[in-house]
Amino acid sequence: MDANGNLTDLSEFDGSRRIRLVSYMDENLAVGGFGGGLGGWYKLGIHHLSAGNPDQTLFLANGAGPGAFSLAWVAAPGNYVSWEGQGSDGALLLEPLAANNDPHPVGQDGDRIPLPQFTVDFVDGPWFALNDTRKDNVFDCSGSGQDEGNPIIPYHWNGGDNQRWRAATRGPGLG
């Protein structure tokens with residue numbers, strides 16, 4: 001962790017740590033959960049920190065095996081960021097899972113599924129690409145849009161500012 005409370009090593013994403021994923025495009029932009037209108041599922045989008053409701057942008061990073069972690073949304077316990085589902089706007093969804101801290105929690109239909117996993121590649125100091133474990137896709141702020149709710153989508157790494165994030169551990173709701 002650096003002096004500003006940003007995670008700087010993959011090992012720091014282990015151990016039930018509250019984080020906020022802040023965009024390289026603008027320090028006022030963070031990943032947040034929205035809605036619940038997609039069959040009750042929430043989706044990921046850009047949230048302006050200056051708009052209030054910092055809890056909307058809090059995630060719990062939990063170790064999920066060697067070099068991997070899961071991301072649970074603090075505002076709706078039991079909802080994990082998932083690479084599988086996408087909303088009509090392409091946004092990544094928060095998948096409701098029945099059990100926390102279980103490597104194979106129960107999904108909505110009762111099937112046990114693998115906990116959605118992530119890894120990071122640091123590209124510049126605390127800034128990283130947030131990857132799926134195969135490194136096929138990264139978190140991407142769609143079209144580099146900065147409007148409230150602009151979707152966070154899976155996309156191939158191209159090095160754009162809209163694909164760089166930092167994990168802040170200090171600020172409202174973080175301690």
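All values below were derived from every heavy atom in this structure, side-chain atoms included, with hydrogens, water molecules and symmetry-related copies excluded. In this text, all values refer to a predicted model and were calculated from it rather than measured experimentally.
- Checking side-chain atoms of His47 against main-chain N and O of Phe34 turns up no donor-acceptor pair under 3.5 Å.
- Using a 4.5 Å heavy-atom cutoff, the side chains of Asp132 and Phe118 are not in contact.
- If you chain together hydrophobic residues whose side chains sit under 4.5 Å apart, Leu21 and Leu10 fall into the same group.
- A donor-acceptor pair under 3.5 Å is formed between the side chain of His156 and the backbone N or O of Asp136.
- A side chain to side chain contact (heavy atoms under 4.5 Å, CB included) with Tyr42 is found for one member of Leu93, Leu94, Val81 and no other, namely Leu94.
- Cluster annotation: Leu7 and Phe69 are assigned to the same hydrophobic cluster (Ile/Leu/Val/Met/Phe/Trp/Tyr, side-chain heavy-atom contacts under 4.5 Å, transitive).
- Between Asp121 and Lys135, some side-chain heavy-atom pair lies under the 4.5 Å cut-off.
- Between Gly63 and Asp14 the shortest heavy-atom distance is CA-OD1, 2.9 Å.
- Residues Gln146 and His48 approach most closely at O-NE2, 2.6 Å, considering heavy atoms.
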- Task: I would like to know whether Phe13 and Val120 meet side-chain contact (heavy atoms from CB on, under 4.5 Å); could you show each step before the answer?
- Result: CA-CA 9 Å; Phe13 286 83; Val120 295; 4.0 Å; yes
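- Distance OG1/Thr8 to CG/Asn4: 11.0 Å, rounded to 0.5 Å.
- Taking the six-membered ring where tryptophan is involved, the planes of Tyr24 and Trp127 are perpendicular, since the angle between them exceeds 60° and thus also 30°.
- Between the side chain of Asn6 and the backbone N or O of Arg166, no donor-acceptor pair lies under 3.5 Å.
- Smallest separation of non-hydrogen atoms from Trp165 and Val31: CZ3-CG2, 3.6 Å.
- Nearest heavy atom pair, residue Leu174 against residue Ala168, reads CD1-O, 3.5 Å.
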- Check step by step if salt bridge (charged side-chain N to carboxylate O under 4.0 Å, His left out) holds for Arg164 and Asp124. CA-CA 9 Å; Arg164 295 173 190 240; Asp124 183 21; 5.1 Å; no
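- Using a 4.5 Å heavy-atom threshold, the side chains of Leu29 and Val22 count as separate.
- Scanning both residues, Met25 and Ser144, for their nearest heavy atoms gives SD-O, 3.8 Å.
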- Message: Using the rule given for side-chain contact (heavy atoms from CB on, under 4.5 Å), can you reason through Trp41 versus Glu95, listing the C-alpha separation, both sets of side-chain angles and the distance that settles it, and then say yes or no?
- Response: CA-CA 7 Å; Trp41 291 36; Glu95 188 168 10; 3.7 Å; yes
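- Neither Leu49 nor Phe59 shares a network with the other; the hydrophobic side chains, linked directly or stepwise wherever heavy atoms of I, L, V, M, F, W or Y lie under 4.5 Å apart, form separate groups for each.
- Using a 4.5 Å heavy-atom threshold, the side chains of Ile152 and Lys43 count as separate.
- Ile46 and Leu92 fall within a single hydrophobic cluster, where Ile, Leu, Val, Met, Phe, Trp and Tyr side chains are chained together by heavy-atom contacts under 4.5 Å.
- At distances below 3.5 Å, not a single donor-acceptor pair connects side-chain atoms of Ser23 with backbone N or O atoms of Ala30.
- Taking the side chain as every heavy atom from C-beta outward, Gln86 and Ile153 never approach each other to under 4.5 Å.
- Residues Ser70 and Pro116 are not in side-chain contact: their nearest non-hydrogen atoms beyond the backbone lie 4.5 Å or more apart.
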- Message: For a side-chain hydrogen bond (donor to acceptor under 3.5 Å, both in side chains) check, start with the C-alpha distance between Asn137 and Asn131, then their side-chain angles and the critical distance, and finish with the verdict.
- Response: CA-CA 6 Å; Asn137 290 297; Asn131 303 301; over 6 Å; no
- Message: Checking Asn62 against Ser16 for the side-chain hydrogen bond (donor to acceptor under 3.5 Å, both in side chains) test, could you report, in this order, the C-alpha distance in whole Å, the side-chain angles of both residues, the deciding distance, and whether it holds?
- Response: CA-CA 5 Å; Asn62 294 299; Ser16 297; 2.7 Å; yes
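- Interatomic distance, Asn53 CG to Leu58 CG, rounded to the nearest 0.5 Å: 9.0 Å.
- Of the possible polar contacts, one joining the Arg20 side chain to the Pro172 backbone as a donor-acceptor pair under 3.5 Å is found.
- Judged purely by atom type and a 3.5 angstrom limit, Gln56 uses its side chain to pair as donor or acceptor with the backbone of Gly33.
- In this structure, Asp2 CG and Glu12 CD are separated by 8.5 Å, a value rounded to the nearest 0.5 Å.
- Other residues, nucleotides and ligands contribute at most 12 non-hydrogen atoms within 6.0 Å of the OH atom of Tyr155.
- Using modelled atom types, one side-chain atom of Asn79 and one backbone atom of Ala76 make a donor-acceptor pair closer than 3.5 Å.
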- For Ser50 and Asn28, run side-chain hydrogen bond (donor to acceptor under 3.5 Å, both in side chains): C-alpha distance rounded to whole Å, both residues' side-chain angles, the deciding distance at 0.1 Å, then the answer. CA-CA 6 Å; Ser50 60; Asn28 185 45; 3.1 Å; yes
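- The two residues Leu44 and Phe139 make their nearest non-hydrogen contact at CD1-CZ, 3.6 Å.
- Note that CG of Leu71 is 6.0 Å distant from CG of Leu130, once rounded to the nearest 0.5 Å.
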